[in-house]
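Just below is one structure, and these are the notes that go with it.
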Amino acid sequence: MTVKQTPLLVALLLCLSLSACSQQPQKTDQLYLALGAQAGLEQLVDGLLLEIEQDQQIVHHFQDTDIPRFRRLLIEQLCELSGGPCTYTGATMQESHTGFQISQADFDNLVTHLMTVMQRQKIDIKAQNQLLALLAPMYKDVVYR
Amino acid sequence: MKYAALLLLALALPVQAGSKIIATGGATSIEGAAGGGIVPWAVINGYASSEQWSVLAFNNNVGVDDFSLHTYGVAASYNNEWELSFTRQQFDLDTLGGDLQQDVIGLKYHIAGELLYSQLPQLSAGIQYKKHRNFALPSAVGAKDDSDIDYYLAASKVYFAAVAGRNLLLNATLRASRANQIGLLGFGSHSDNSYQWLVESSAAVLLTPQLAVGVEFRQKPNQLDFADEQHWRDIFAAWFINKNFSLVGGYVDLGRIAGFSEQQGYYLALEATW
Ligand code: HEM
């Protein structure tokens, strides 16, 4: 390895090991606004519900779910997460997903639906990625429980 | 011609792709492992998520000043955990005349971490069994063996919204190898037949979920006395058209090969996935 490449490699390895490149959580309501505030989140969750309804792989998980309640709680949660003026009043992610045996493929499908809906709503790509950054770590609380 | 055949095959088999997020199977590198162009990544190829299968066919072409490399093969993955690949490499000595060929069988196992979902980077271990098909020339220039195994450990992670709001993929790979010019010039030499540790890395920015641009670096050993071997690097753009097709174009710098210096040129890869 020549001297020229070493700093780049070291930076890469540091990034990988320390997660120095990951985003800090949102502290302002910037993301909430970029997602279209209350109306935008309602549209987002409604879009997501339609996608879930058409997805044979995951829809069965929701067969006994109170959908209006689920809709309200998901909007609340996304609002709070993105820095909006809401307080999430539902159960923890771990509690609400235990017993469903949600698989990695189920989780991937939901993420794909979310990406589809965000693109359809023409949400700014930075805001899309910031929302994904906030949701991705919930994976461990949702799958295989 | 090969591209046309691949396209036809893909159109004839419109099977549902797996659940993984678009682009997260990476592309297929010249040795058949999911990765960039010249570096294997920790990602598992194709779109098979938990309990799903995926198969793919690929064709990569590299054209530099005095040589060209054509690689093609098939690969499969299961459960976003196992990856198996069969690759044939044909290295044309455009200026010298003749060609060198080798086959690579690759196996990769996803050990821990999730590319998108965990703090820990995705970690995978892999082996590449390489068998030269016309060893006369490598033997004549001092290579010891006509077959060998490369071992590697790779770490890959996507950092969301890390660069101007775009997602960033970082990869670092550590390889143990005795291969001369990735095996195209055989393995080891009579003066030095020990494994060497080599560092490889890639960084890519996802401009959109389907379009990535990146750079790669691959450290190379230098065991043959007859000609210096230099590190490889490339820049690339990858377009994941949908979950069935991807196209990668790039510019590679392969340094010195068999006495010919400054070997630079294009990289082009097409992949079809089911
Ligand atoms: C990061 C991703 C996810 C988030 C943020 C999320 C959020 C939520 C919220 C807020 C609730 C309501 C909690 C409550 O009832 O108190 C809920 C319930 C539920 N979620 Fe998720 N979820 C995620 C992933 C998934 C996935 C991948 C699936 C399956 C495909 C899933 C299936 C369900 C089901 C079936 C319920 C209803 C439970 C019940 O009826 O009691 N969730 N989720």
Side-chain angles (χ1 to χ4, degrees), chain A residues 1-2 4-6 8-26 31 34 55-58 101-116 118-119 123-144, chain B residues 16-22 24 42 47-52 79-81 113-123 154-174 198-203 206-210 215 217-220 230-231 233 243:
Chain A
M1 200 182 323
T2 66
K4 242 168 58 190
Q5 285 121 15
T6 313
L8 173 70
L9 280 174
V10 169
L12 276 176
L13 292 169
L14 267 179
C15 255
L16 276 171
S17 57
L18 301 177
S19 305
C21 303
S22 57
Q23 279 285 110
Q24 290 304 305
Q26 199 78 12
L31 178 56
D55 183 340
Q56 293 309 312
Q57 186 187 304
I58 66 170
Q101 283 300 314
I102 291 162
S103 68
Q104 178 171 77
D106 295 340
F107 196 93
D108 282 341
N109 272 25
L110 198 64
V111 172
T112 298
H113 296 325
L114 178 65
M115 289 169 65
T116 304
M118 289 194 294
Q119 283 166 34
I123 289 170
D124 169 53
I125 191 157
K126 179 177 177 181
Q128 293 186 25
N129 292 335
Q130 286 174 333
L131 183 59
L132 291 175
L134 295 170
L135 297 176
M138 296 179 182
Y139 174 83
K140 62 181 189 308
D141 296 325
V142 169
V143 301
Y144 303 114
Chain B
Q16 182 78 39
S19 292
K20 274 166 64 179
I21 314 303
I22 190 131
T24 61
Y47 289 102
S49 187
S50 53
E51 290 172 49
Q52 296 175 342
N79 205 28
N80 191 23
E81 187 176 34
E114 295 298 334
L115 180 72
L116 301 176
Y117 304 139
S118 64
Q119 191 81 25
L120 183 75
Q122 180 158 332
L123 302 176
S156 305
K157 175 138 181 65
V158 166
Y159 297 92
F160 291 103
V163 177
R166 302 307 202 274
N167 300 338
L168 172 70
L169 171 102
L170 294 182
N171 181 86
T173 300
L174 191 62
L198 305 162
V199 173
E200 305 172 8
S201 65
S202 316
L206 285 129
L207 298 176
T208 76
Q210 283 158 262
V215 296
F217 168 80
R218 175 164 176 171
Q219 190 185 9
K220 302 279 296 309
Q230 290 180 328
H231 306 321
R233 64 205 78 201
K243 282 192 183 180

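First the proteins, then the strands, lettered A, B, ... as listed; each starts at 1.
- One distance of note links NZ of B:Lys20 with CG of A:Asn109; it measures 13.5 Å at 0.5 Å rounding.
- In this structure, B:Thr24 and B:Val158 have side chains that are not in contact, with every pair of non-hydrogen atoms separated by 4.5 Å or more.
- Chosen from B:Asn167, B:Leu116, B:Leu206, the residue pairing most often with chain A at heavy-atom distances under 4.5 Å is B:Asn167.
- When the candidates A:Asp106, A:Val111, A:Ile125, A:Asn129 are compared by the number of heavy-atom contacts under 4.5 Å with chain B, A:Asn129 comes out ahead.
- Of the atoms belonging to B:Gln230, not a single heavy atom falls under 4.5 Å from chain A.
- Side-chain contact check for A:Tyr139 and A:Gln104: at least one donor-acceptor pair (N or O, by modelled atom type) lies under 3.5 Å.
- Contact of B:Leu198 with chain A is not made at all, since no heavy-atom distance falls under 4.5 Å.
- For A:Asp108, the side chain to side chain donor-acceptor pair (under 3.5 Å) criterion is met by B:Ser49, B:Tyr117, not counting sequence neighbours.
- At a 4.5 Å heavy-atom cutoff, A:Met138 makes no contact with chain B through either its backbone or its side chain.
- A:Ser103 and B:Glu51 form no side-chain donor-acceptor contact under 3.5 Å, judged by distance and modelled atom types alone.
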